[in-house]
Amino acid sequence: MASAGKLELAVAWDGEMVRDATIKSTRPRADRMLEGRTPQEAVKLVSLLFSVCGKAQSAAAEAATAVAQGREPTQTRSRATACEAMQEHLWRLLLDWPALLGLSKQQAIFVRWHGALNAIAAGAGDARALSDELHRTLTGMTHEEWARLDSHAALIEWIKSGSCVPVVAALDALESALEHGGSTETCDLLPEWSTTELTELYESGLAQPHCAGRPMETGALARWQHEPLLRDILRQRRSRLLARLIARLHDLLDSANNLASEQTAPRIHGFATEANAGLGLVHTARGMLMHHARIERGHIAKYCIVAPTEWNFHPRGAWRAGLMNLRERDAARVMEIARRVTLSLDPCVEYTMKMHHA
Amino acid sequence: MCLAIPARIESLTTPGNAIVNLGGVRKEISLALVDEAAVGDYVIVHVGYALQKLDEEEALRTLQAFAEMGALDELREELDAS
């Protein structure tokens, strides 16, 4: 629970297909709480307000305020940020997706791995043992074998082999049954960031961010869109549900392997946008988190936070695109599909969803 | 953005579960993800699970920050409606 901000999702359906999908959102204005404080106070307050995704939020705040003061952002919070993202991925894979698809939740193993990641984040624990166990249990493969899986055909073979985590096979079956492959619209995937794009992001505002004038999808799929396996899934399937789930799994396993080999995958970035102002960007489980801080006379003059949900639940964004023109004659099934699209994009606030006849 | 509002554990129920007080509203949650949580402890709750324990001073400081931004009233309304 512990939320503030809410999404109201609505699907307009005419008995044959989805004609419209609309979003109304309110967002917590926690960023206003930070204005007038010192950079140190702001970073501390962020860690209090956002304990649920607190590692990523603190890292973004620290990077934004460091850059605004002319310093390079550090990667000291990288390990904790990676562990937090992995815990979120596991929550979706082992609890939320099974519950939505009518499978058994895997709570016991989730609790054990969640605890192991807390230990690793604190500098203890055995990251190699956890990485090996994650690969073995979720894929039936070693890290090297998983890395060689590079095509849609190989993915299907893996699913048929029965060694994949159960939600992958279940979602593949449901997605394959979609009439004409699902919706007819797509939303561009957020690219890697250039200075020009970042400046535009910052200028595009908060509640409805865009890039090159268009809404964008953020998340593990955007982060890993150039991986051969994900590129091929995107080519072969119109619907992105399975692609997002596989990208989530890939992000989890890549992070596990990085922790085991003591590599620091850069999840935290900082960029100067103007004098005394900085952007802090962090790859979270849900996608790109952005903090922007402007500092005047040693205090925060302006602060803004753009969460991944603001991208993915943009009124013309990925959620809407995932449902537009979806052909389905059963009202209950339309809502089931809409719930799957919603979970695949994983909003970080409470939401309600309703359907009305177009 | 999911804000982290501290909840106080009021009683322990079935093994591994507890009743917490979230802004004046009571709710049953799982303690599976935290070690040795006891009555009186403050925890951060996320979709039915206690995620981490907080010491009382930090919890009260956080509640004060949320009160300043009016988030507690909004939370109470949400919980009452659900």
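Since this is a predicted model, take the numbers as computed values, not measurements.
Residues B:Leu33 and A:Trp91 meet the side-chain proximity criterion, which asks for heavy atoms closer than 4.5 Å.
Residue with the most contacts toward chain A among B:Ala59, B:Ala32, B:Ser30: B:Ala32 (heavy-atom pairs, distance under 4.5 Å). Contact count against chain B (heavy-atom pairs under 4.5 Å) is highest for A:Leu49 among A:Leu49, A:Leu95, A:Leu45.
Residues of residues 97-117 of chain A placed with any heavy atom under 4.5 Å of a heavy atom in chain B are listed by number as A:Gln107, A:Phe110, A:Val111, A:His114.
Other residues, nucleotides and ligands contribute only 12 or fewer heavy atoms inside 6.0 Å of the CZ atom of A:Arg32. The 12-atom threshold is exceeded at CD of A:Gln40, counting heavy atoms of other residues, nucleotides or ligands nearer than 6.0 Å.
The side chain to side chain donor-acceptor pair (under 3.5 Å) test applied to A:Arg92 returns A:Glu88, A:Asp96, A:Asp346, not counting sequence neighbours. Evaluation of the side chain to side chain contact (heavy atoms under 4.5 Å, CB included) rule for B:Glu58 yields A:Lys44, A:Leu48, B:Leu54, B:Asp55, B:Arg61, B:Thr62 as partners, not counting sequence neighbours.
Residue pairs meeting the salt bridge (charged side-chain N to carboxylate O under 4.0 Å, His left out) criterion with at least one member in residues 2-14 of chain B, sequence neighbours excluded: B:Glu10-B:Arg26.
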Inset, instruction - Apply the test side-chain contact (heavy atoms from CB on, under 4.5 Å) to residues B:Ile44 and A:Phe50: give CA-CA distance (whole Å), side-chain angles for both, the deciding distance (0.1 Å), then the verdict. - result: CA-CA 10 Å; B:Ile44 298 297; A:Phe50 297 105; over 6 Å; no
